[in-house]
Amino acid sequence: MTAPLAIETQLAQAGCRRDPRTGALSAPIYQTASFAHPALGQSTGFDYSRTSNPTRLALEETLAAAEAGHRGFAFASGLAAIDTVLRLLEAGSRVVVTEDLYGGTFRLFEKAARSFGIEALYVDTSDTEAVRRALKEPGVRALFIESPTNPLLKIANLPVLIALARGVGAVTIVDNTFLTPCRQRPLDLGADLVVYSATKYLSGHNDVVAGAVVARTSEWSERIAFLQNAVGAVLGPQDSWLALRGLKTLPLRLKQQEENAGRIAEWLSRHPRVKSVYYPGLPGHPGHDTLKSQASGFGAMIAFEVEDAARVPAILEGVRVFLFAESLGGVESLITYPRVQTHADMASAVLDRLGIGPGLLRLSVGIENVADLIRDLENVL
Ligand SMILES: Cc1ncc(COP(=O)(O)O)c(C=O)c1O
């Protein structure tokens with residue numbers, strides 16, 4: 001048997017060899033809603049693009065291989081992917097959920113899923129004992145983990161939590177948006193489903209909104225495939241192609257982003273105007289050792305708290321290299337104000353309790369020259 005290809009090789013050649021008739025290197029964009037049938041009762045394998053489309057399939061197969069999963073599924077956004085996964089659950093189900101997760105996922109649980117009878121029990125998933133207790137609550141059918149969390153970069157002990165969930169018969173879903181399969185592979189650690197905002201690192205250029213699910217087993221794949229078609233929040237062919245093109249350079253981008261992030265986090269941690277820095281690559285970060293044991297890198301997201309929250313507007317307006325914008329994972333460095341932007345749907349009391357305070361800023365570090373990035377922060381701080 002030949003050895004499986006490394007992820008860099010798989011991704012660099014994503015979408016290649018899919019058009020034997022012409023030999024096109026780049027996966028063709030099949031901009032079609034429907035496919036003609038050769039005869040009654042026959043199909044080319046494609047019937048209608050909500051069910052399957054060759055360009056989307058190229059992306060989905062790339063994602064499944066990168067994650068070593070059974071099948072991948074591409075959706076119109078990360079939230080569409082998560083929404084589809086939540087439809088696996090019956091009304092009356094409870095889900096143990098990371099408490100400081102992306103604000104949009106919180107909004108989905110509170111303002112959309114709740115009306116279908118799904119109740120979220122929020123827990124600090126970096127606290128294994130708290131998760132163990134929550135999983136014993138009646139009606140718990142799933143564990144939804146975001147790790148590292150957005151925005152505080154807390155780390156969950158994935159193998160332990162996944163085993164605990166399995167012990168009570170709950171499905172484990174991991175949002176792996178921040179680390180990607182290049183750094184962390186939750187399915188290898190036993191998770192049932194991994195979800196992504198593919199808008200972020202996977203696509204990597206802030207030019208497409210997309211989501212993904214990868215399932216570990218054929219049973220989960222069958223159920224997600226049914227829901228993907230039944231609900232229909234699929235990714236279109238043009239956007240599938242953009243995501244596929246982005247994936248080709250993911251390993252290189254992430255390497256540079258991570259290197260820059262490590263330098264910036266260290267620099268911030270020595271800055272007198274900075275009260276605290278949250279970056280799991282710093283040895284003092286409480287999740288540093290756990291992440292080291294279950295991932296092959298620390299990612300490129302940093303949160304930090306400035307001494308004087310009153311200076312936040314001047315910082316956001318003063319940056320010249322960082323862009324003040326709400327997203328992450330692209331080649332361009334962004335600065336975000338979680339309390340007002342990404343987490344605006346959480347009540348102030350909850351934000352205060354979680355530590356998402358008025359002085360907290362989040363950086364998504366890009367691939368620019370790190371000296372330019374540090375000089376930009378120096379100027380505004
Ligand atoms: C960790 C995480 N999960 C999910 C989402 C939602 O993804 P999308 O914006 O593609 O719907 C985001 C978006 O910021 C995110 O940061």
Side-chain angles (χ1 to χ4, degrees), residues 59 63 72-86 95 97-113 120 122 125-126 144-156 158 173-181 183-184 186 191 193-214 228 231 233-236 239-240 242-243 246-247 254 257 278 280 295 299-303 323-330 332 334-346 354 356 360-365:
L59 170 64
L63 291 170
F73 302 89
F75 291 88
S77 70
L79 287 180
I82 296 169
D83 175 65
T84 301
V85 164
L86 293 185
V95 186
V97 181
T98 300
E99 62 180 5
D100 69 314
L101 84 175
Y102 167 58
T105 311
F106 173 81
R107 182 179 56 207
L108 176 65
F109 272 107
E110 289 309 301
K111 300 198 173 150
Y122 298 99
T125 43
S126 68
F144 187 99
I145 308 170
E146 194 179 277
S147 180
T149 60
N150 181 356
L152 290 172
L153 287 308
K154 286 189 181 177
I155 306 299
L158 292 180
I173 305 146
V174 177
D175 185 329
N176 202 30
T177 296
F178 276 24
L179 285 181
T180 85
R183 292 292 178 269
Q184 176 169 275
L193 298 166
V194 51
V195 295
Y196 280 101
S197 171
T199 314
K200 311 298 189 306
Y201 290 95
L202 298 184
S203 297
H205 295 77
N206 286 315
D207 54 9
V208 60
V209 172
V213 176
V214 183
Q228 186 191 37
V231 179
V234 295
L235 192 65
D239 287 347
S240 295
L242 276 172
L247 273 171
L254 196 55
Q257 286 172 279
Y278 305 88
M301 296 300 299
I302 303 172
L323 291 135
F324 170 34
E326 186 171 350
S327 195
L328 62 103
E332 305 91 349
L334 306 185
I335 185 164
T336 304
Y337 191 25
R339 195 169 170 106
V340 171
Q341 295 180 294
T342 50
H343 290 69
D345 277 275
M346 286 183 175
L354 295 177
I356 305 172
L360 188 81
L361 292 166
R362 189 189 77 184
L363 301 179
S364 168
V365 179

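Note that ligands are numbered from 1 as they come in the structure, with each ligand's atoms numbered from 1 the same way.
- Rounded to the nearest 0.5 Å, atoms NE2 (H343) and CG (L152) are 7.5 Å apart.
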Would you mind writing out a table of all protein N or O atoms found under 3.5 Å from any N or O atom of ligand 1, naming both atoms and giving the distance to 0.1 Å?
residue	atom	partner	partner atom	Å
ligand 1	3 (N)	D175	OD2	2.6
ligand 1	7 (O)	S197	OG	3.0
ligand 1	10 (O)	G78	N	2.9
ligand 1	10 (O)	S197	OG	2.8
ligand 1	10 (O)	T199	OG1	2.7
ligand 1	11 (O)	G78	N	3.0
ligand 1	11 (O)	L79	N	2.9
ligand 1	14 (O)	K200	NZ	2.8
ligand 1	16 (O)	N150	ND2	3.2

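- Between the E146 side chain and the V97 main chain, no donor and acceptor come within less than 3.5 Å of each other.
- Donor-acceptor pairing under 3.5 Å is lacking for the side chains of R183 and N176.
- Counting only heavy atoms from C-beta outward, the side chains of E99 and L354 approach each other to under 4.5 Å.
- Side-chain contact check for N150 versus L101: every heavy-atom pair is 4.5 Å or farther apart.
- Taking the six-membered ring wherever Trp is involved, the centroid distance between the rings of Y201 and Y196 does not fall below 6.0 Å.
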